[in-house]
Protein chains: 2
Amino acid sequence: MKKKEEVILSQQCNLQIRAIKDTMELLSGKWKTQIIGTLLRNGTMQFMELKRTLHGISPKILSKDLQELEINQLITRTEKHTKPITVEYAITDHGRTLDNVIGEIIDWGLTHRNKIVGGSKISEDSNKPTD
Amino acid sequence: MKKKEEVILSQQCNLQIRAIKDTMELLSGKWKTQIIGTLLRNGTMQFMELKRTLHGISPKILSKDLQELEINQLITRTEKHTKPITVEYAITDHGRTLDNVIGEIIDWGLTHRNKIVGGSKISEDSNKPTD
DNA sequence: CAGGATCCTTTACGATACTG
DNA sequence: CAGTATCGTAAAGGATCCTG
């Protein structure tokens, strides 16, 4: 509960490697990039909306990742004064600059899958998206 | 030692989320993106060259990550019939298509650091690259 | 030189139950 | 609804030593 308050930046090494480290420290992991990508597409979303969209994520992890993204100034968290309290998450202007990165990640993922499928061995069985 | 032989692809979900998963499953982690970025810039490299460039990586992790990248057809591994055996690693044509992704990751990392530095709290101390 | 074997720590992630 | 608490597993990563 100490470093959690701090922005993450990498230490010394050449400029490009360091830039890769800086970015990947924020995007690495199973869910962070998906969260940002989802918020980029859908705009403001509530906790449960995110949980539903990112199907499979547990509330604990979603909560933790959202906090980290907020600390790193990529998203905002806003409590609404509603009956049962609701919270809205949205991309910041800074977070929005990840659009190009996410876009390339999506594009590459699509062509990569096209290349691999029809190739040979694949670890997961289903190839059809659900929505 | 079973799934190691298989290419990684994600299961069902919407197309863009799945694309993000596919890409990030290959790039997530502390070293993979750095390895690819390094090989993209420097061309063919030996094991020790990589280890020196990616300073801080242990031989075990480097070896493991290189194997995974090779399995996923992003790099090639070539043994040279030299006195003490040497091995050369290089990007494949498919791996080279990650150029745009890595490029965006580097660009974003650079501007992100510019934005954050001069801002407020930073976790690491040194801000100067070594080379 | 390349990289496997071993041991160990830490982090990530997951399931479930519970609270204001 | 939006999380936190608790518990548990698995993966990631690191240190070091060893070998063909």
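Source: prediction; values computed, not measured.
- Residue A/Pro59 has its side chain nearest to D/dT4 when only C/dG3, D/dC1, D/dT4 are considered.
- In this structure, the CG atom of A/Leu62 is 13 Å from the P atom of D/dC1, given to the nearest Å.
- Side-chain N/O atoms of A/Gln67 include none lying less than 4.0 angstrom from OP1 or OP2 on D/dG3.
- Contact annotation: B/Lys64 does not reach the phosphate of C/dG4 (side-chain N/O to OP1 or OP2, under 4.0 Å).
- A distance of 11.0 Å separates CG of B/Leu62 from CD of B/Gln34, quoted to the nearest 0.5 Å.
- Out of D/dG13, C/dC1, C/dA17, the shortest distance to the side chain of B/Lys30 is found at D/dG13.
- Side-chain nitrogen and oxygen atoms of B/Gln46 include none within less than 4.0 Å of the OP1 or OP2 phosphate oxygen of C/dC1.
- For B/Tyr89 and C/dC1, the shortest distance from a side-chain N or O to OP1 or OP2 is not below 4.0 Å.
- Summarising the geometry, the separation between CZ on B/Arg77 and C1' on C/dG3 is reported as 9 Å, rounded to the nearest angstrom.
- Taking atom CG of A/Asp65 as the reference point, atom P of C/dC13 lies 6 Å away to the nearest angstrom.
- Taking a cutoff of 4.0 Å between a charged side-chain nitrogen and a carboxylate oxygen, B/Arg77 and B/Glu79 qualify as a salt bridge.
- For the pair B/Ser63 and C/dG4, the criterion of a side-chain N or O lying under 4.0 Å from OP1 or OP2 is met.
- Of the candidate nucleotides C/dC13, D/dC1, C/dG3, C/dG3 has the atom lying nearest to any side-chain atom of B/Phe47.
- A/Lys51 has its NZ atom 15 Å from the P atom of C/dC13, to the nearest Å.
- Of the two residues near DNA chain C, A/Ser28 and A/Pro84, the one whose nearest nucleotide lies more 5' is A/Ser28.
- Look at B/Lys60 and you won't find any side-chain N or O under 4.0 angstrom from OP1 or OP2 of D/dC17.
- For the pair A/Ile85 CD1 and D/dC1 P, the interatomic distance rounds to 13 Å; values are reported in whole Å.
- The CH2 atom of A/Trp31 sits 12 Å away from the C1' atom of C/dA12 (whole-angstrom rounding).
- The interatomic distance linking A/Leu26 (CG) with C/dA12 (C1') rounds to 16 Å, in whole Å.
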